[in-house]
Amino acid sequence: MTAAVLNFKSHLSDLFVQALCTVAPEQVVPVLLERPKQVQHGDYACNLAMQLAKPLKRSPRSIAQALIDALPASGVVEKVEIAGAGFINVFLTVAAKQSVVPGVLQAGEHYGHIQLGAGRRVQVEFVSANPTGPLHVGHGRGAAYGASLSNVLDAAGYKVSREYYVNDAGRQMDILALSTWLRYLDLHAIQVPFPPNAYQGDYVRDMARQIHVAHRARYVHTAAEVLQGVPAVEENADTHLDALIANAKKLLGEDYAYIHNHALTEQLGDGRHDLAEFGVHFDEWFSEQSLFDSGLVAQVVARLKEGGHLYEQDGAQWFRSTAFGDEKDRVVQRENGLYTYFASDIAYHLNKFGRGFDRMINVWGADHHGYIARVNGALTALGLDSGRLDIALVQFAVLYRGGQKAAMSTRSGEFVTLRELRNEVGNDATRLFYVLRKSDQHLDFDMDLAKSQSNENPVYYLQYAHARICSVLQQWEGDVAALRQADVGVLQSDYERTLLQHLIDYPQVIESAAEDLSPHLIAFYLKDLAADFHSYYNASRFLVEDEGLKFARLALIAAVAQVMRNGLALLGVSAPEKM
RNA sequence: GUGCCCGUAGCUCAACUGGAUAGAGCACCAGCCUUCUAAGCUGGGGGUUACAGGUUCGAUUCCUGUCGGGCACGCCA
């Protein structure tokens with residue numbers, strides 16, 4: 001086994017580059033190799049000749065012939081043909097393709113790991129939901145996507161850091177603290193009308209009860225005090241809420257921080273636990289508040305001001321983001337002196353850039369798309385290369401249950417939580433369904449389908465292929481590790497050739513998924529691989545009399561099982577040995 | 001109204017970033033279990049890629065327009 005065996009595409013690509021240098025050294029054309037859809041078009045097709053036709057003013061087919069003549073010899077190439085308008089079709093030798101089987105078995109769980117990232121450090125920031133309540137199904141998609149993407153980048157040779165940005169500063173957290181306190185007062189029969197735009201969920205009452213149990217009546221104040229000077233909710237719900245928050249801070253003094261922190265700790269802990277059960281882990285939980293505590297937010301605003309990127313209007317500080325292609329300028333510091341979320345976000349990104357990542361990927365909900373221009377603008381204004389930052393937008397997921405859209409109202413507290421979804425359909429199905437679509441496509445999540453234990457459910461289709469192989473290997477009762485020594489020369493059938501080619505493609509799929517930030521490609525690949533295995537299974541027997549044939553076939557399906565395991569692991573889906 | 005994304009089989013989605021005859025699953029029809037898991041397999045019907053132009057050897061893919069859908073347009077986070 002040589003290094004080239006596991007990397008046919010780049011090997012062939014090198015050959016074509018050499019041929020190109022001979023035929024048309026002055027032409028700068030990228031060499032693209034594709035897997036043709038039709039088997040008669042060979043294993044790889046190259047359209048180089050057609051791209052050169054115009055600049056060289058020659059017919060594509062004559063250029064193709066010249067390229068073929070100039071192509072260096074290679075042990076893995078069976079033959080090269082000109083086809084159609086000028087495609088160059090390359091056929092690999094059977095032996096070369098067969099060698100993937102021992103290659104996979106040798107590499108084991110590392111098969112598919114490539115050096116695309118070359119050890120470069122990449123940070124993936126995802127989920128980053130406000131810790132103001134349970135994660136819902138929208139966060140779930142970001143979590144599944146971010147986690148799978150991180151795994152793919154890891155397999156592609158990047159050194160990945162997974163980060164959750166905790167919005168522990170700002171008004172939303174104050175609203176949660178207030179909501180908790182009001183529910184607590186309710187337990188002490190203090191009647192204060194609960195604001196409609198406060199957090200309604202039952203989890204708020206739970207936290208109130210915890211505080212009540214731990215500290216009894218310590219935080220009780222009269223309704224009159226709480227409502228002192230608070231404008232009517234009918235006038236303006238937001239000012240009503242803010243006045244209540246102000247009163248809470250005033251009445252509770254240092255105790256306000258306790259309630260605030262209790263709510264934060266509870267919700268963050270709950271989210272962390274939820275995500276861990278979902279197989280989603282983070283290396284870093286970055287606190288927004290720490291940016292204020294360290295003074296970085298103030299510093300970054302000062303830096304922008306020094307650079308002449310800020311101006312004052314109506315008492316507020318505006319960042320001139322229109323100078324960087326944004327639609328309008330944005331406020332970084334409000335009239336009341338408070339910094340906006342945008343300001344702390346600039347500070348956060350400055351901090352990120354300072355941590356020395358070669359590349360950063362933010363996974364955001366698609367509703368944040370209008371936010372990209374201003375963040376890039378701010379980074380550019382700070383003299384940072386915004387090209388190191390990628391924003392991956394993830395579209396919404398809509399749940400369907402019994403053919404009906406499931407209700408998704410945050411205000412009423414009537415939303416389906418990620419936990420409920422996981423409990424109802426299981427972690428495996430949830431993880432897979434979330435990445436079964438391109439992330440920039442809307443996702444219709446059919447809960448009935450995800451739950452169904454039937455042939456309609458793609459989760460079982462994948463897992464079943466793996467379990468079937470394990471079952472066969474178990475009944476064989478031989479030494480699986482010895483299969484890597486199998487003589488695979490007898491693997492000649494159409495089914496076997498198809499499977500061999502699929503196994504060869506796997507590293508290429510990792511590369512595409514990493515380059516396009518598209519873990520769904522792994523899911524599609526696994527579906528294809530499973531389909532080809534199931535066909536093979538129905539058409540052939542593995543535990544046959546002929547020892548050589550049996551050994552070769554078992555080696556092949558063991559390799560298929562290995563790739564299924566590797567791929568499912570990237571998606572966070574288990575690969576059961578029995579079903 | 002302005003900006004971004006999208007429109008592919010009855011339904012849910014692919015199509016290797018401009019390639020060869022646009023592919024899967026579900027649903028529908030007809031078959032395959034005394035032999036390794038039928039949660040599987042085999043075959044069949046189903047398309048003017050929303051519509052109209054344009055660019056070129058070649059367009060689902062790129063450009064323009066129209067129609068239809070989603071999202072965003074706060075001194076919120």
Side-chain angles (χ1 to χ4, degrees), chain A residues 32-38 40-41 45 47 50-51 53-54 59-60 83-87 89 130 132 167 169-173 175 238 288 313-318 326-328 330-342 344-345 365-373 393 395-396 398 400 403 436-438 440-446 449 452-465 467-476 505 508-509 511-512 515-516 520-521 524-525 527-528 530-531 533-544 553-554 557 578-579:
Chain A
L32 292 175
L33 286 166
E34 290 176 328
R35 294 284 333 281
K37 289 167 192 161
Q38 320 263 330
Q40 63 266 32
H41 293 146
N47 65 356
M50 287 180 288
Q51 291 185 59
K54 199 161 196 180
S59 81
F87 288 99
N89 293 335
N130 283 341
T132 52
N167 297 119
R171 184 163 176 263
Q172 295 305 318
M173 274 310 301
I175 296 173
D238 278 328
E288 179 190 7
Q313 186 180 309
D314 303 329
Q317 292 292 326
W318 294 72
D326 199 4
E327 294 168 10
K328 53 169 290 192
R330 313 287 174 175
V331 171
V332 290
Q333 189 172 18
R334 286 185 264 165
E335 189 182 7
N336 61 12
L338 293 178
Y339 295 107
T340 60
Y341 177 82
F342 180 41
S344 55
D345 222 19
D367 55 332
H368 282 65
H369 69 77
Y371 204 73
I372 299 174
L393 292 181
Q395 288 286 350
F396 294 147
V398 180
Y400 283 84
L436 222 42
R437 299 278 174 272
K438 279 199 299 203
D440 60 1
Q441 292 280 355
H442 288 271
L443 170 67
D444 289 333
F445 197 120
D446 186 336
L449 178 58
S452 71
Q453 305 221 342
S454 74
N455 57 343
E456 300 170 31
N457 194 330
V459 181
Y460 293 106
Y461 191 78
L462 301 185
Q463 295 181 326
Y464 187 48
R468 267 183 151 177
I469 295 170
C470 291
S471 173
V472 172
L473 291 174
Q474 203 170 8
Q475 287 171 59
W476 169 55
D505 287 340
Q508 200 61 51
V509 174
E511 183 176 324
S512 299
E515 283 178 340
D516 298 346
H520 76 278
L521 292 174
F524 282 101
Y525 168 82
K527 274 165 76 174
D528 285 344
F533 167 73
H534 285 309
S535 293
Y536 183 40
Y537 182 95
N538 275 272
S540 326
R541 285 193 60 78
F542 310 119
L543 300 175
V544 291
R553 287 181 173 171
L554 289 175
I557 65 171
K578 250 186 221 164
M579 288 175 68

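Each chain gets a letter, A, B and so on, in the order its sequence line appears, and its residues count up from 1.
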Colleague: With a 4.0 Å cut-off on heavy atoms, is A/His41 in touch with a base, just the backbone sugar-phosphate, or nothing at all?
Modeller: base

Colleague: Output the single nucleotide from B/U17, B/U12, B/A38 whose closest atom is nearest the side chain of A/Arg468.
Modeller: B/A38

Colleague: Starting at CZ of A/Arg541 and ending at P of B/U37, how long is that distance when rounded to a whole Å?
Modeller: 9 Å

Colleague: Under 4.0 Å, counting only non-hydrogen atoms across every strand here, what does A/Ala467 touch: a base, just sugar-phosphate, or nothing?
Modeller: base

Colleague: For A/Leu393 and for A/Lys578, locate the closest nucleotide of RNA chain B by heavy-atom distance; then report the residue assigned to the nucleotide nearer the 5' terminus.
Modeller: A/Leu393

Colleague: So what does A/Gln441 hit on the nucleic acid, given a heavy-atom distance under 4.0 Å: a base, only sugar-phosphate, or nothing?
Modeller: sugar-phosphate

Colleague: Do A/Gln475 and A/Ser471 pair up side chain to side chain, a donor and an acceptor below 3.5 Å, judged on atom types alone?
Modeller: yes

Colleague: How far does the P atom of B/C4 sit from the matching atom of B/G65, given to the nearest Å?
Modeller: 11 Å

Colleague: With a 3.5 angstrom cut-off on both distances, give the Watson-Crick or G-U wobble partner of B/A27, or none if there isn't one.
Modeller: none

Colleague: Taking syn as within 90° of 0 and anti otherwise, name the glycosidic form of B/U17.
Modeller: syn

Colleague: Without decimals, in angstroms, what is the distance between A/His442 NE2 and B/C6 P?
Modeller: 10 Å

Colleague: Nearest whole angstrom, please: distance from the P of B/A38 to the CE of A/Met579.
Modeller: 12 Å

Colleague: Would A/Tyr536 and A/Phe542 count as a close aromatic pair, with their ring centres under 6.0 Å?
Modeller: yes

Colleague: Rounding to an integer number of angstrom, what distance separates B/A50 and B/C6 when you compare their P atoms?
Modeller: 13 Å

Colleague: Quantified in whole Å, what is the P atom distance between nucleotide B/U48 and nucleotide B/U8?
Modeller: 13 Å

Colleague: Categorize A/Asp345 for me: base, sugar-phosphate, or nothing, with a 4.0 angstrom heavy-atom threshold over every strand shown.
Modeller: nothing

Colleague: If the P atom of B/G74 is compared with that of B/U61, how far apart are they to the nearest Å?
Modeller: 34 Å

Colleague: Which pairs, protein N/O on one side and nucleotides 72-77 of chain B N/O on the other, fall under 3.5 Å?
Modeller:
{"unit_1": "B/C75", "atom_1": "O2", "unit_2": "A/Glu335", "atom_2": "N", "d": "2.7"}
{"unit_1": "B/C75", "atom_1": "N4", "unit_2": "A/Asp314", "atom_2": "O", "d": "2.6"}
{"unit_1": "B/C76", "atom_1": "OP2", "unit_2": "A/Arg334", "atom_2": "NE", "d": "3.4"}
{"unit_1": "B/C76", "atom_1": "OP2", "unit_2": "A/Arg334", "atom_2": "NH1", "d": "2.7"}
{"unit_1": "B/A77", "atom_1": "OP1", "unit_2": "A/Arg334", "atom_2": "NH2", "d": "3.0"}
{"unit_1": "B/A77", "atom_1": "OP2", "unit_2": "A/Tyr341", "atom_2": "N", "d": "3.1"}
{"unit_1": "B/A77", "atom_1": "O2'", "unit_2": "A/Asn130", "atom_2": "OD1", "d": "3.3"}
{"unit_1": "B/A77", "atom_1": "O2'", "unit_2": "A/Asn130", "atom_2": "ND2", "d": "2.9"}

Colleague: Mind telling me if B/C33 is syn or anti? Syn here is a glycosidic angle within 90° of 0.
Modeller: syn

Colleague: Would you please say whether a donor-acceptor pair under 3.5 Å links the side chains of A/Arg437 and A/His442?
Modeller: no

Colleague: What's the OH-P distance between A/Tyr461 and B/A24, to the nearest Å?
Modeller: 11 Å

Colleague: Which nucleotide, if any, forms a Watson-Crick or G-U wobble pair with B/G40, using both distances under 3.5 Å?
Modeller: B/C32

Colleague: Does A/Ser535 reach a base, just sugar-phosphate, or nothing at all? Heavy atoms under 4.0 Å.
Modeller: sugar-phosphate

Colleague: Please lay out, stage by stage, how A/Arg334 and A/Asp314 fare under the test salt bridge (Lys or Arg N to Asp or Glu O under 4.0 Å).
Modeller: CA-CA 9 Å; A/Arg334 286 185 264 165; A/Asp314 303 329; over 6 Å; no

Colleague: Looking at the side chain of A/Arg35, which of B/C13, B/C16, B/U21 is the nearest nucleotide?
Modeller: B/C16

Colleague: Figure out the CD/P separation between A/Gln475 and B/C36, and round it to whole Å.
Modeller: 8 Å

Colleague: What's the CD1-C1' distance between A/Ile469 and B/A39, to the nearest Å?
Modeller: 15 Å

Colleague: A/His369 and A/Leu393: which non-hydrogen atoms are nearest, and at how many Å?
Modeller: CB-CD1, 3.4 Å

Colleague: Taking the same atom, P, in B/U21 and in B/U2, what whole-Å distance lies between them?
Modeller: 41 Å

Colleague: Tell me whether A/Phe87 is stacked on the nucleobase of B/A20, counting only the six-membered base ring and applying the 5.5 Å and 30° thresholds.
Modeller: yes

Colleague: What's the closest nucleotide to the side chain of A/Asp444 if the choices are B/U56, B/C13, B/C36?
Modeller: B/C13

Colleague: Should B/C4 form a Watson-Crick or G-U wobble pair with both distances under 3.5 Å, which nucleotide is its partner?
Modeller: B/G70

Colleague: Measure CZ/A/Arg437 against P/B/U8 and give the value in whole Å, please.
Modeller: 13 Å

Colleague: Give the nucleotide from the list B/G40, B/U37, B/U17 with an atom nearest to the side chain of A/His534.
Modeller: B/G40

Colleague: Say we look at B/C76 and B/U60: how far apart would their P atoms be, to the nearest angstrom?
Modeller: 48 Å

Colleague: Step by step, work out the side-chain hydrogen bond (donor to acceptor under 3.5 Å, both in side chains) result for A/Glu288 and A/Ser344.
Modeller: CA-CA 7 Å; A/Glu288 179 190 7; A/Ser344 55; 2.8 Å; yes

Colleague: Nearest whole Å is fine: how far is B/U17 P from A/Asp516 CG?
Modeller: 8 Å

Colleague: In whole angstrom, give me the gap between the P atoms of B/U55 and B/U64.
Modeller: 15 Å

Colleague: Which one, B/U21, B/A14, B/U37, comes nearest to the side chain of A/Lys438?
Modeller: B/A14

Colleague: Is any side-chain N or O of A/Asn89 under 3.5 Å from a base N or O of B/A20, one able to act as donor and the other as acceptor?
Modeller: yes

